[in-house]
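Working notes for the structure below.
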Amino acid sequence: MKKNYSISWCLVISFTALFFYGSVGKAQQITPFKQGDRVVFLGNSITDGGHYHAYIWLYYMTRFPNMNLMFLNAGIGGDKASDMVKRLDGDVFSKKPTVLVSTFGMNDSGYFEYNGSEAEKFADEKVKESHEAFKQMERRFKELPKTRIVLVGSSPYDETAVIAGNTPFKNKNKAMLRIVDFQKQSAQANKWEFFDYNTPITAINKQFQQIDPGFTISGNDRIHPDNDGHMVMAYLFLKAQGWAGQKVAAMSLDVSNMKISDLENCKISNLKKNVNEVSFDYLAGSLPYPLDTVARGWGSKKSQFKATEIVPFMEEMNQELLTVNGLEGKYKLLIDGEFIGTWSADDYKKGINLADLNQTPQYQQALRIMHLNEERWEVERRFRDYSWVQYNFFQPKGLLDANNRKAIEVFDQYKDKDGWLNAKRDLYSKAMFPEVRKAWQGEMDLLLDLIKETAKPLKRKVILVKVS
């Protein structure tokens with residue numbers, strides 16, 4: 001069944017596209033990932049518990065099924081640049097990144113004091129603290145000559161959305177932009193790559209708020225994007241890598257003279273035609289990108305698919321086009337015997353985006369990858385919660401990686417005073433044992449093996465049958 005789009009949102013999209021999309025990703029800002037890359041995403045809670053990197057990886061899983069690529073989450077909730085510096089060796093560099101994507105600024109810039117009497121002084125202090133911590137991070141990054149560094153400006157704090165019961169912190173995002181600025185300057189000075197989430201997402205928020213004042217990509221707390229927001233982040237990142245306009249596959253046939261033309265990332269063979277039927281074998285080099293319609297993750301209310309109402313991901317990055325000339329009347333489409341739909345000759349001539357049809361066998365194959373990737377994300381979240389306990393709680397107490405009875409005793413002394421810590425008591429009681437962590441890693445390895453196996457496109461039998 002064809003997915004439904006909101007006409008009102010699409011009208012806003014067309015207007016918004018003129019406003020800012022042209023400046024985002026016009027030139028390649030981030031080098032595409034390549035065979036063998038180990039991409040580590042360093043960040044705070046938006047990275048830790050968020051999906052944007054999983055959605056970016058899902059693009060590579062489905063678009064480049066033969067690419068050996070590894071993404072690794074190195075986010076920890078609540079972190080500032082000063083916290084990240086303390087865990088670079090044990091939690092980041094130990095992952096052996098060939099590409100290190102680093103973002104911070106939300107927590108660095110502070111919160112409640114922006115509505116106080118000395119907000120400007122507070123902002124100056126927080127930006128200065130962040131810059132001093134970043135200088136330490138910058139020095140450490142320079143020790144990685146074989147690692148490609150990508151500095152990323154944080155997604156914004158949304159001050160303009162009208163959210164009941166949530167008074168915004170005035171000019172917090174202005175301070176965050178100052179942090180983005182020194183990241184950009186560092187990237188230029190060190191010949192590193194740089195990408196800014198703050199500016200384009202702020203522009204999206206403001207444009208959509210003209211129609212709906214309560215709209216925000218940044219979540220109801222003005223900070224944490226929901227799944228749709230993380231998909232917008234993935235889209236912007238992929239666009240900055242230059243993937244806009246790259247099709248899943250495209251095929252053009254003229255059945256009047258039985259010619260195949262304009263194939264892109266696919267092969268067609270065994271083309272046949274009789275009075276009422278056209279058939280051929282189709283092998284694409286990629287799978288369509290599957291968009292989840294379920295809100296995943298703690299506290300999530302929106303699905304990944306909802307991002308299609310905000311950004312033109314389908315139009316720009318998820319096109320699997322079937323174009324057929326020389327038909328008359330209406331034809332139903334079957335793929336591997338599965339009824340997909342019925343279209344007119346004019347529709348076929350204009351082109352049908354198979355990636356927009358979730359009942360095709362190739363889309364159903366891609367859905368398997370999506371769900372396997374979600375399972376991988378869930379397991380990886382256990383490791384991130386374990387890391388949160390190690391670096392936010394045990395490291396300041398000199399018990400980093402102790403994982404013994406003393407650690408448990410200290411944990412239990414504090415858990416009733418700290419709800420976040422208490423929530424991780426059961427997980428830590430398991431994760432402290434190396435055998436459990438080894439089992440979790442084995443589960444992720446198995447999931448990745450299944451993803452690689454499942455991602456290989458299959459030859460499909462396509463049949464067009466005349467119905468009128």
* To do: Kindly assign one of parallel, tilted or perpendicular to the pair Y428 and F411, based on the angle between their ring planes and the thresholds 30° and 60°.
  =>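 Correct class here is parallel.
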* Could you check if a side-chain atom of V101 sits within less than 4.5 angstrom of a side-chain atom of F237, using non-hydrogen atoms only? =>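 The answer is yes, as the side chains (C-beta and beyond) meet within the 4.5 Å cut-off.
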Tell me, please, which residues at least two apart from [X] pass salt bridge (Lys or Arg N to Asp or Glu O under 4.0 Å).
X	answer
R140	D89, E143
K95	D91
E129	K126
K170	none

* Ring-ring centroid check F71 F33, cutoff 6.0 Å ->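 Yes; F33 has its ring centre under 6.0 Å from that of F71.
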* **Donor-acceptor pair between D108 and S130 side chains, under 3.5 angstrom** =>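 Present: a donor and an acceptor within the cut-off.
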* Using only heavy-atom distances, determine whether the side chains of Y386 and Q390 contain a donor-acceptor pair under 3.5 Å. =>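 Present: a donor and an acceptor within the cut-off.
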Crowded around [X] [atom1]? As in, over 12 foreign heavy atoms under 6.0 Å?
X	atom1	answer
E120	CD	no
K86	NZ	no
K397	NZ	yes
Y111	OH	yes

* Residue list, ring pair (Phe, Tyr, Trp, His ring centres under 6.0 Å) with Y55, at least two apart or on another chain ->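 Only H51 meet the ring pair (Phe, Tyr, Trp, His ring centres under 6.0 Å) criterion with Y55.
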* Please list, chain by chain and in numerical order, all residues satisfying ring pair (Phe, Tyr, Trp, His ring centres under 6.0 Å) with F194, sequence neighbours excluded. =>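 By the ring pair (Phe, Tyr, Trp, His ring centres under 6.0 Å) rule, F194 matches no residue at all.
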* Asked: How long is the gap from CD on Q35 to OG1 on T98, to the nearest 0.5 Å?
  ->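 Here the interatomic distance stands at 11.0 Å.
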* Asked: Rounded to the nearest 0.5 Å, what separation is found between the CG atom of L236 and the CD1 atom of I201?
  ->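 Here the rounded value is 6.0 Å.
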* Is a salt bridge present between E443 and R382, judged by a nitrogen-to-oxygen distance below 4.0 Å? ->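 A salt bridge links E443 with R382.
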